[in-house]
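Single-structure report; data block below.
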Amino acid sequence: MYHSKIAGLGYYVPSNVVTNDDLSKIMDTNDEWIQERTGIQERRHIIRGEDTTTSMGVKAAKIAIERSGVAKEDIDFVVFATLSPDYYFPGPGVLVQRDLGLKTVGALDVRNQCSGFVYALSVADQYIKTGMYKNILVIGSEVHSTGLDMTTRGRGVSVIFGDGAGAAVLSREEDLTKGILSTHLHSEGQHAEELALQAPGMGARWVTDIIADNDPNDESYYPYMNGQFVFKNAVVRFAEVINEGLEANNLKVSDIDMLIPHQANLRISQFIQNKFQLTDDQVHNNIQKYGNTTAASIPIALTEAWEQGKIKSGDTVVLAAFGSGFTWASAIIKW
């Protein structure tokens, strides 16, 4: 039995910065309205033809691989978390295997939206713990901007999301006091439609139905979010899954050196920070400049915190996420 450790981290965001003032030029909104509700000041949007979910994942992965010291020939498996694949199928995992020039290793796609990276990390952790694989590339990448309703009708959702990618290389760790100590995964499909994009879907409205209807008021192919309901559930589940991870490892809140929450909404992160009485030095948020990048938000924030020297050897790092599904998850890591 082994542990897995994060051997390398990397992230990539598009160069195209979209500020709240930029959005106010194309929809009825303003900087004060957006910041008051979300804490977001700006986000990144891809420039079509320059970036895709896969290409951003590859760019983040190259940085993570280089920092890990693991040769790409020694990558045994790929786990790619996203809700915005380049194609309906195949998923981006195999595209990463191709574009990085990896051996014909397995590639798995994870569709767990905001919790996706922690789910992907957990899957990779199990493979390494059992000894099946030694080095696994885990990616979270999203392109939201091309699928949002960028009009006043869609402002409640569209102002929140941004594009970007983060990656981690997980490697075998023989010291069982280090690395990923535990992961905790949950779901509650009862609320699946409270945060969802339902069309096109094989079980409901497919592309042929959308074309046949030709309805300019059709919103089925844009994301829907019951904002207040999501917020109320998020603050409860975040706290539960963080406590679950701490209790499983006989840790206290005071043992947390760094909390990386999924960047859903700055108000949610601040609520959790206050609930656990953590200082600003114990929590890393970057939604202010990147928006909500869904499966990419945790690896981007984790990489940033590490780059800024906020995470050092021996630290206890907690990752926590909540989102569509509903799904929620946490990971406890001894750095």
Side-chain angles (χ1 to χ4, degrees), residues 11 13-47 83-84 113-114 142-164 166 194-197 217 219 222-239 259-298 300-301 304-305 308 310 320-324 326:
Y11 79 93
V13 291
S15 59
N16 180 34
V17 178
V18 179
T19 67
N20 293 342
D21 288 335
D22 291 332
L23 294 180
S24 72
K25 297 173 184 176
I26 59 174
M27 62 180 72
D28 183 12
T29 191
N30 58 69
D31 178 63
E32 181 182 5
W33 188 89
I34 296 171
Q35 286 207 52
E36 179 184 338
R37 287 162 177 78
T38 69
I40 300 167
Q41 300 169 17
E42 60 187 40
R43 73 288 294 147
R44 304 297 178 97
H45 285 178
I46 67 163
I47 296 174
L83 62 74
S84 52
Q113 296 68 250
C114 301
E142 303 287 8
V143 171
H144 289 295
S145 59
T146 58
L148 296 172
D149 182 358
M150 301 300 288
T151 69
T152 298
R153 180 181 67 178
R155 66 180 176 179
V157 172
S158 299
V159 301
I160 297 171
F161 293 97
D163 304 337
E194 301 297 345
L195 177 51
L197 196 160
N217 296 314
E219 298 180 54
Y222 288 124
Y224 165 79
M225 178 172 66
N226 182 343
Q228 289 187 341
F229 188 77
V230 171
F231 187 100
K232 290 176 181 177
N233 278 266
V235 294
V236 172
R237 298 306 193 184
F238 259 109
L259 169 64
I260 307 288
H262 162 56
Q263 301 294 288
N265 184 312
L266 186 60
R267 307 305 164 220
I268 294 175
S269 297
Q270 290 172 333
F271 184 97
I272 297 303
Q273 178 178 342
N274 291 335
K275 182 177 181 67
F276 284 92
Q277 297 184 317
L278 299 173
T279 68
D280 289 344
D281 293 334
Q282 291 173 286
V283 183
H284 186 76
N285 290 303
N286 60 10
I287 192 172
Q288 301 94 320
K289 57 182 179 179
Y290 297 134
N292 179 345
T293 56
T294 313
S297 84
I298 284 182
I300 291 174
E304 264 198 349
Q308 294 172 15
K310 294 182 177 181
F322 172 91
S324 172
F326 289 153

### Task
Find the distance between CZ (Phe271) and CG (Asn265) and round it off to the nearest 0.5 Å.
12.5 Å
### Query
Roughly how far apart are Gln270 CD and Leu278 CG, rounded to 0.5 Å?
13.0 Å
### Query
Under 3.5 Å, is there a donor-acceptor pair between the side chain of Glu142 and the main chain of Leu83?
yes
### Query
Does the pair Leu23 and Met150 meet the rule for a side-chain contact (heavy atoms from CB on, under 4.5 Å), with working shown?
CA-CA 8 Å; Leu23 294 180; Met150 301 300 288; 3.6 Å; yes
### Message
Using side-chain heavy atoms (C-beta onward) and a distance below 4.5 Å, is Ile298 in contact with Ile300?
### Response
no
### Query
Is the shortest heavy-atom distance from the side chain of Phe161 to the side chain of Leu148 under 4.5 Å?
yes
### Query
Any donor and acceptor pair, going by atom type alone, linking the side chain of Asn226 with main-chain N or O of Glu194 inside 3.5 Å?
no
### Query
Side-chain contact, heavy-atom cut-off 4.5 Å: Pro261 with Ile268?
no
### Query
So, the side chain of Ser324 versus the backbone of Phe326: is there a donor-acceptor pair under 3.5 Å, distance only?
no
### Task
Please name the pair of heavy atoms, one in Gly164 and one in Ala296, separated by the smallest distance, quoted to 0.1 Å.
O-CB, 3.3 Å
### Message
Which residues pass the side-chain contact (heavy atoms from CB on, under 4.5 Å) test with Lys289, not counting sequence neighbours?
### Response
Glu42, Asn286, Glu304
### Query
Of all heavy-atom pairs between Leu195 and Gly323, which one has the smallest distance, and what is that distance?
CD2-C, 4.3 Å
### Query
Could you state the interatomic distance from CD (Gln273) to CG (Asn285), rounded to the nearest 0.5 Å?
7.0 Å
#### Entry: Sole residue of Asn20, Asn292, Thr293 in side chain to side chain donor-acceptor pair (under 3.5 Å) with Arg43
Asn20
### Query
With distance as the sole test, does Arg237 use its side chain to make a donor-acceptor pair with the main-chain N or O of Asn233 at under 3.5 Å?
no
#### Entry: Close side-chain approach of Ile272 to Leu259, heavy-atom, < 4.5 Å
yes
### Query
Counting only heavy atoms not in Gln277, do more than 12 fall under 6.0 Å of its CD?
no
### Query
OH of Tyr11 to OG of Ser297: how many Å apart, nearest 0.5 Å?
13.5 Å
### Task
Check whether the side chains of Ser84 and His144 place a donor and an acceptor atom closer than 3.5 Å, and report yes or no.
no
### Task
Drop me the distance from Gln263's CD to Ile287's CD1, to the nearest 0.5 angstrom.
5.5 Å
### Message
If you define the side chain from C-beta out and look only at heavy atoms, does anything of Ile40 sit under 4.5 Å from Ile160?
### Response
yes
### Task
Nearest 0.5 Å please: distance from the CZ atom of Arg44 over to the OG atom of Ser145.
12.5 Å
#### Entry: salt bridge (charged side-chain N to carboxylate O under 4.0 Å, His left out) partners of Arg153, counting only residues at least two apart
Asp149
### Message
With heavy-atom distances below 4.5 Å as the criterion, would you say the side chains of Ile34 and Thr29 are in contact?
### Response
yes
### Task
Using the salt bridge (charged side-chain N to carboxylate O under 4.0 Å, His left out) rule, collect all pairs that involve residues 18-36, keeping only residues at least two apart or in two chains.
Asp28-Arg155
### Query
Taking side chain as C-beta onward, heavy atoms only, is Tyr290 less than 4.5 Å from Val13?
yes
### Task
Apply side-chain contact (heavy atoms from CB on, under 4.5 Å) to Thr151 and Met27, showing your working.
CA-CA 5 Å; Thr151 69; Met27 62 180 72; 5.6 Å; no
### Query
Looking only at atom types and distance, does a side-chain atom of Ser158 sit under 3.5 Å from a main-chain N or O of Gly154, one as donor and one as acceptor?
yes
### Query
Nearest heavy-atom pair of Phe322 and Cys114: which atoms, and what distance?
O-CB, 3.4 Å
#### Entry: Crowding at CG, Asn274 (>12 non-hydrogen neighbours, <6.0 Å)
yes
